[in-house]
Amino acid sequence: AAAGTEPALAEQIARSLRDREHTVAEVATAVAAIDRVRAERIAAGIADEYVHALVMADIAVRTDPAHAEPQLREALQAAHHDPALIVKVALAAARTDPALAEEMVGTIRSRDNIRTADFWRAKALADLVNLLDEMRRGSN
């Protein structure tokens, strides 16, 4: 709750949550709407390479969408070909560049017998359609 109105307090709280990186990521993303520099400082404490890269990409998308592609590509690289992680990066990219998001989905390759590349690509495309539909409804 503090992230949306009190970035300094949110930063203090995030420091106490270092063992909960996904929660810290959510705080950093929420703070980005008000204070990009503070959001990046919060994200700097995230040790997990992928979570850190995804948060930095999300911050860039929210604060400087025209220049977010390098951070999005870094997050894609940090996903290490994991289809579930690629889907999350593609969803972040879709907010500003649906073509880039679709390109990212195209990088999904089969890693195991249970979750095929076709399944993950279909899931990602369905998620992208839903996100774009939500964004269109939100702008009306």
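This structure is a prediction, so every number in the text was calculated from the model and none was measured. In what follows, residues are counted from 1 in the order of the sequence shown.
In this structure, Leu128 and Pro98 have side chains that are not in contact, with every pair of non-hydrogen atoms separated by 4.5 Å or more. Inter-residue side-chain proximity for Val105 and Val87 is flagged as unmet; no heavy-atom pair is nearer than 4.5 Å. At least one side-chain heavy atom of Met104 sits under 4.5 Å from a side-chain heavy atom of Leu72. Under the 4.5 Å side-chain criterion, counting only non-hydrogen atoms from C-beta, Glu74 is not in contact with Met56. At a threshold of 4.5 Å between non-hydrogen side-chain atoms, the residues Tyr50 and Val89 count as touching. Taking 4.5 Å as the limit, every side-chain heavy atom of Val27 sits out of range of all side-chain heavy atoms of Val24.
Contact record, Ala75 with Ala57: CB-CB, 4.2 Å, taken as the closest heavy-atom pair. Residues Thr96 and Pro65 come closest through the heavy atom pair CG2-CB, 3.1 Å. Residue Thr63 comes nearest to Ala32 through the heavy atom pair CG2-O, 3.4 Å, listed as atom of the first residue, atom of the second, then distance. Contact detail for Ala25 and Val51: the closest heavy-atom pair is CB-CG1, 4.0 Å. Heavy-atom minimum distance, Ala90 versus Ala101: O-CB, 3.2 Å. The heavy-atom pair separating Leu100 from Glu69 by the smallest distance is CD2-CG, 3.8 Å.
Side-chain contact annotation: Glu49 with His80, donor-acceptor N/O pair under 3.5 Å present.
Atom CD of residue Glu26 and atom CD of residue Glu21 lie 12.5 Å apart, to the nearest 0.5 angstrom. Expressed to the nearest 0.5 Å, how far NZ of Lys88 lies from CG of Asp82 amounts to 9.0 Å. The CG atom of Leu54 sits 9.5 Å away from the CG atom of Leu91 when rounded to the nearest 0.5 Å. Atom OG1 of Thr107 is separated from atom CD1 of Ile86 by 4.0 Å, given to the nearest 0.5 angstrom. Here the CG-CD distance, from Leu131 to Glu134, works out to 6.0 Å after rounding to the nearest 0.5 Å. One distance of note links CG of Asp97 with CD of Glu102; it measures 10.5 Å at 0.5 Å rounding.
In the hydrophobic clustering of ILVMFWY residues, with side-chain heavy atoms under 4.5 Å counting as a link, Val37 and Val31 come out apart.
Contact check on Glu103 versus Arg73 returns a salt bridge, with a Lys/Arg side-chain nitrogen under 4.0 Å from an Asp/Glu carboxylate oxygen.
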